[in-house]
Trainee: 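One structure is given below, represented as structure tokens, and several questions about it will come after.
Please read these numbers as outputs of a predicted model, since none were measured by experiment. Counting convention: from 1, in listed order, for ligands and their atoms alike.
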Amino acid sequence: MTFSSFSLDKILLKNLDTLEYEKATEIQQQAIPLILANNDVMARAKTGTGKTAAFALPILSKIVAVPNCQKSVSALVLAPTRELVQQIHKSFIKYGKGTEVQVTAVYGGVSINPQISSLKAGTDVLIATPGRLLDLIFNKHIDLSTLSTLVFDEADRMLDLGFKAEIERIMACVPESRQTLLFSATFDDSLYKLSKTLLKHPKTVTINESNVVAETVEQLVYAVDLDRKRELLSYLIGSKNWQQVLIFTRTKQTADALAKEMCKDGIKTQSLHGDKSQGARDKALAEFKSGKVRALVATDVAARGIDIVDLPYVVNYELPYVAEDYVHRIGRTGRAGKSGLALSLVSVKEEWLLTAIEKVIDERLLQQWLPGYEPDLTKVEPAKRGISKQKARKQALDKNNPRKRRRR
Ligand code: AMP
């Protein structure tokens with residue numbers, strides 16, 4: 001289906017032509033007509049499906065159709081991380097090029113003053129992280145009384161990051177009569193419960209590919225002792241001359257420690273996570289994109305903002321506690337028909353996580369031993385007693401979540 005079959009503004013259609021978007025993706029085909037017809041929409045879609053254009057195009061088109069002379073906020077997009085806010089902002093700018101629509105991004109971790117100045121000039125679309133948005137609302141720099149469309153992007157991550165209270169406070173500042181759109185890669189009970197308070201008679205949109213790994217991705221699993229993972233990884237990167245390697249860890253601490261050790265191994269590596277300043281994160285990403293830095297170690301949340309089309313190597317240094325994250329992680333490679341390699345380093349204690357992943361992707365992942373790095377089966381630690389795997393997973397997720405840590 002081409003974009004000209006939707007009643008989108010002509011300037012937007014021209015921009016899509018320039019961007020060489022020939023066909024609407026599945027989520028775009030389903031969501032654009034529903035949004036243009038002012039429905040509330042609940043959509044299950046992850047990054048990489050074209051979901052940003054699925055909501056940005058109808059929002060922009062509606063604003064162009066009814067120009068807003070006061071430049072008061074007409075659409076608000078809430079996203080969990082600064083990187084995602086920046087990425088959505090960039091998308092709105094490229095899709096709305098040549099229109100009069102003003103788009104502003106606000107997020108924490110940087111000075112608030114330039115954001116206040118740009119808000120003073122007026123804006124039609126505001127893209128924001130919840131915390132910074134609340135600061136701006138309570139200091140009266142933003143008025144949301146004219147809002148007509150509210151979007152939640154990556155709503156599951158917002159709940160994972162403990163933004164529920166912030167969302168509730170924001171809801172008290174937006175008009176009752178509005179269109180609400182909720183995008184999420186996953187839906188669990190708590191998200192369904194929240195969605196009932198946010199959306200009215202929503203139309204649901206689901207696309208089928210959620211847990212499918214692209215055929216262009218080769219999945220390789222090495223069984224290795226935990227304390228030899230770094231050594232093995234540095235060896236592979238060095239001996240096989242891998243460039244642009246995105247490495248995932250579960251925690252910020254492991255990301256930092258690993259990046260430091262890999263630098264000592266002679267591999268230029270940076271870490272990327274939520275405790276770093278915005279400047280440091282932007283720099284790390286730019287250097288990784290340009291090839292100045294060879295490996296980037298990221299946590300799942302930080303990696304959501306990385307939009308590199310043809311990343312050749314993804315490494316799971318630690319397997320994710322949420323099995324679906326494996327699909328997100330390795331979906332960073334093998335895009336647009338290019339081939340990619342997804343390597344997972346699995347210690348004996350992580351085998352239950354591998355089993356969970358196999359169930360989600362409905363595929364058996366054979367563990368291999370790399371000569372010289374075979375696991376030492378004599379030093380397997382006994383499993384901890386008295387604590388379930390679910391509890392261990394929850395504790396680890398909470399430990400890595402600054403908001404939950406603060407609340408305890
Ligand atoms: P998203 O899921 O919104 O993060 O989009 C993923 C990538 O797909 C971005 O780089 C978009 O520019 C690109 N994209 C979105 N829609 C289309 C389309 N219809 N045709 C080609 N590329 C697209």
Trainee: Indicate yes or no: does R157 engage D325 in a salt bridge with an N to O separation below 4.0 Å.
Mentor: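 The answer is yes: the pair qualifies as a salt bridge.
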Trainee: Near K23, which atoms of ligand 1 are under 4.0 Å from a heavy atom of that residue?
Mentor: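 Contacts of ligand 1 toward K23, numbered from 1: 18 (C), 19 (N), 20 (N).
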Trainee: Could you work out, with side chain to side chain contact (heavy atoms under 4.5 Å, CB included) as the rule, every residue matching Q179, not counting sequence neighbours?
Mentor: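 Counting only residues at least two positions away or on another chain, Q179 forms a side chain to side chain contact (heavy atoms under 4.5 Å, CB included) with I35, N38, D40, K62, T149, L181.
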Trainee: Judging by distance only, is a nitrogen or oxygen of A24 under 3.5 angstrom from one on ligand 1?
Mentor: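 Looking only at distances, the answer is no, because the N/O contact criterion of under 3.5 Å is not met.
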Trainee: Using a 3.5 Å cut-off on N or O atoms only, is T52 in polar contact with ligand 1?
Mentor: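 In this structure, T52 places an N or O atom under 3.5 Å from an N or O of ligand 1.
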Trainee: Quick one: does ligand 1 sit under 4.0 Å from the side chain of F3, the backbone, both or neither, non-hydrogen atoms only?
Mentor: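 The part of F3 near ligand 1 is the side chain, not the backbone.
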Trainee: Taking only Lys NZ, Arg NE, NH1 and NH2, and the carboxylate oxygens of Asp or Glu, determine whether E350 and K229 approach each other closer than 4.0 Å.
Mentor: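 Counted as a salt bridge, because a side-chain N and a carboxylate O are separated by less than 4.0 Å.
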Trainee: Please confirm whether K94 approaches ligand 1 to less than 4.0 Å, judged on its heavy atoms.
Mentor: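 K94 counts as a contact of ligand 1 under the 4.0 Å cut-off.
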Trainee: Judging by distance only, is a nitrogen or oxygen of E20 under 3.5 angstrom from one on ligand 1?
Mentor: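 There is no such contact.
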Trainee: Please list all pairs meeting side-chain hydrogen bond (donor to acceptor under 3.5 Å, both in side chains) that have one or both residues in residues 262-273, counting only residues at least two apart or in different chains.
Mentor: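 Those involving residues 262-273 are R230-D265, S234-D265, D256-S271, D256-H273, E261-K264, Q270-E287, S271-K276.
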Trainee: Is a donor from one side chain sitting under 3.5 angstrom from an acceptor on the other, for Y222 and E374?
Mentor: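 The answer is no; no qualifying pair exists.
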